[in-house]
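These values consider heavy atoms only, across backbone and side chains, with no hydrogens, waters or symmetry-generated copies.
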Amino acid sequence: MAATPSEETKTRDQIARAGKSIFERGLTFGSTGNISVKLSDGRMLMTPTNASLGNLDPARLSLFSAEGAHVEGDKPTKEAFLHQCMYCARPHGRAVVHLHSTYSVAVSILKGVDENDVLPPLTAYYVMRVGRLPLVRYFRPGDPKLAQAVQEAATDTNAVLMANHGPVIAGNSLEEAQYATEELEETAKLFLMLHGRELRPLTPEQKNDLLNGI
């Protein structure tokens with residue numbers, strides 16, 4: 001299916017609006033973080049390198065072919081492979097958001113977390129929007145081995161937390177990926193606020209009830 005000019009234009013504007021919203025609420029800073037959306041014909045639009053999410057120019061977004069080659073727009077971020085490997089792991093995904101959001105990164109640095117599922121199910125909305133959150137061990141930014149590790153971790157979940165780095169989350173739409181990323185950040189904040197205190201997370205039965213209802 002070919003993407004129409006109106007679809008591409010609307011998607012470019014949608015990415016710029018999402019980036020501005022994320023930036024203005026302090027979920028990213030400087031030129032950190034990146035967003036991508038896959039068009040209906042398989043091409044992918046992505047925020048470029050050294051671009052602030054708070055001041056994106058829709059016309060200058062990086063455009064990739066369906067085969068993954070950069071074909072138009074500004075130079076892509078060196079983290080483009082994170083998005084491509086998430087789409088490989090989540091073939092029905094239409095958008096990916098990757099941030100260096102403060103609380104999520106803080107949790108990724110803690111020792112002793114469950115690497116198969118970093119955060120406990122503190123709230124129903126976290127379970128419904130994020131679900132399971134595996135931790136991928138640290139790799140240098142841009143290391144191709146990071147792509148393989150993220151793809152393997154994302155085979156049965158839309159959200160992955162990279163150690164000492166941040167989350168990368170896929171969604172069936174940009175809105176879905178954005179909301180899941182925001183829910184993760186708020187849950188990480190709650191977790192750190194409660195750290196050292198006795199928790200009463202949702203029970204396995206309550207968590208499964210929510211997941212089965214999605």
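Proximity of Leu199 to Phe191: side-chain heavy atoms (C-beta onward) are separated by under 4.5 Å at one or more points. Looking at heavy atoms from C-beta onward, Pro201 lies in side-chain contact with Pro121 at the 4.5 angstrom threshold. With contacts defined as side-chain heavy-atom distances shorter than 4.5 Å, the pair Gln148/Glu152 qualifies. The side-chain heavy atoms of Thr102 and Glu185, taken from C-beta on, include a pair separated by under 4.5 Å. Put simply, the side chain of Gln151 does not reach to within 4.5 Å of the side chain of Met86, judged on heavy atoms. The shortest side-chain heavy-atom distance between Val96 and Ile169 does not fall under the 4.5 Å cut-off. Within the 4.5 Å cutoff, the side chain of His165 has heavy atoms near those of the His98 side chain. Side-chain contact check for Ile35 versus Ile22: some heavy-atom pair is nearer than 4.5 Å.
Follow the hydrophobic side-chain contacts under 4.5 Å out from Met162 and you never reach Leu135; the two are in separate clusters. By the criterion of side-chain heavy atoms lying less than 4.5 angstrom apart, applied directly or through intervening Ile, Leu, Val, Met, Phe, Trp or Tyr residues, Leu190 is grouped together with Val130 in one hydrophobic cluster. One hydrophobic cluster, built from ILVMFWY side chains closer than 4.5 Å, cannot hold both Val105 and Tyr138; they sit in different ones. When the side chains of ILVMFWY residues are joined at heavy-atom separations under 4.5 Å, either directly or via intervening members, Leu99 and Leu56 end up in a single hydrophobic cluster. A single hydrophobic cluster is not seen to contain both Leu184 and Leu27; linkage of ILVMFWY side chains at heavy-atom distances under 4.5 Å, directly or through other members, places them apart.
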Just do the side chain to side chain contact (heavy atoms under 4.5 Å, CB included) check on Leu210 and Lys207 with the steps written out, would you? CA-CA 5 Å; Leu210 291 165; Lys207 180 178 179 180; 5.6 Å; no
Working note: Asp117 + Arg132, criterion salt bridge (Lys or Arg N to Asp or Glu O under 4.0 Å); need CA distance, chi angles, decisive distance, verdict. CA-CA 6 Å; Asp117 196 1; Arg132 192 174 71 86; over 6 Å; no
Given the rule in the side chain to side chain donor-acceptor pair (under 3.5 Å) test, do Asn34 and His83 qualify, once you have shown the distances and angles that lead to the verdict? CA-CA 9 Å; Asn34 28 78; His83 296 252; 2.6 Å; yes
Give the intermediate values and the outcome of side chain to side chain contact (heavy atoms under 4.5 Å, CB included) for residues Leu39 and Leu45. CA-CA 8 Å; Leu39 300 172; Leu45 283 164; 4.2 Å; yes
List the steps, then state whether side chain to side chain contact (heavy atoms under 4.5 Å, CB included) holds for His195 with Leu110. CA-CA 11 Å; His195 200 60; Leu110 290 176; 4.3 Å; yes
Check the pair Arg90, Asn158 against side chain to side chain donor-acceptor pair (under 3.5 Å), reporting the backbone distance first and the verdict last. CA-CA 7 Å; Arg90 315 301 299 165; Asn158 289 322; 2.8 Å; yes
Residue pair Glu24, Lys20: steps toward the salt bridge (Lys or Arg N to Asp or Glu O under 4.0 Å) verdict: CA-CA 6 Å; Glu24 289 182 343; Lys20 183 177 176 63; 2.7 Å; yes
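Heavy-atom neighbours of Glu115 CD from other residues, nucleotides or ligands within 6.0 Å: at or below the threshold of 12. Heavy atoms of other residues, nucleotides or ligands lying less than 6.0 angstrom from CZ of Arg200 number 12 at most. More than 12 non-hydrogen atoms from other residues, nucleotides or ligands lie less than 6.0 angstrom from CZ of Phe139.
Closest of all the heavy-atom pairs between Gly68 and Gln84 is O-NE2, 3.3 Å. Between Ser40 and Arg94, the closest heavy-atom pair is N-NH2, 3.5 Å. Across Ala177 and Ala170, no two heavy atoms sit closer than the pair CB-C, 4.1 Å. Minimum heavy-atom separation, Thr47 to Gly33: OG1-O, 4.3 Å. Taking each heavy atom of Ala147 and Phe81 in turn, the nearest pair found is CB-CD1, 3.2 Å. Heavy-atom minimum distance, Leu161 versus Pro167: CD1-N, 3.7 Å.
Under the 4.0 Å criterion applied to side-chain N and carboxylate O atoms, Arg12 and Glu8 are assigned as salt-bridge partners. The residues Glu176 and Arg129 are annotated as not salt-bridged, no charged nitrogen and carboxylate oxygen being separated by less than 4.0 angstrom. Salt-bridge annotation for Asp41 and Arg43: present, with a side-chain N of the basic residue lying under 4.0 Å from a carboxylate O of the acidic one.
Side-chain atoms of Ser36 and Tyr87 include a donor-acceptor pair closer than 3.5 Å.
Residue Arg137 holds its CZ atom at 7.5 Å from NZ of Lys145, rounded to the nearest 0.5 Å. The distance from atom CG of Leu194 to atom NZ of Lys189, rounded to the nearest 0.5 Å, is 12.0 Å. Annotation: the span from Glu72 atom CD to Ser62 atom OG amounts to 10.0 Å, rounded to 0.5 Å. Put simply, CE on Met46 and NZ on Lys38 are 11.0 Å apart, with the number rounded to the nearest 0.5 Å. Once rounded to the nearest 0.5 Å, the distance linking OG1 of Thr187 with OH of Tyr103 reads 13.0 Å. Taken from OG in Ser21 to CG in Leu53, the straight-line distance is 10.5 Å, to the nearest 0.5 Å.
Listed for the Asp209 side chain is no donor-acceptor partner under 3.5 Å among the backbone atoms of Glu205. When atom types are taken as modelled, the side chain of Thr157 and the backbone of Ala154 share no donor-acceptor pair closer than 3.5 angstrom. Under a 3.5 Å cut-off, the side chain of Ser104 and the backbone N or O of Ser101 do not form any donor-acceptor pair.
Using the six-membered ring where Trp is involved, Phe64 and His70 have ring planes that are tilted, between 30° and 60° apart.
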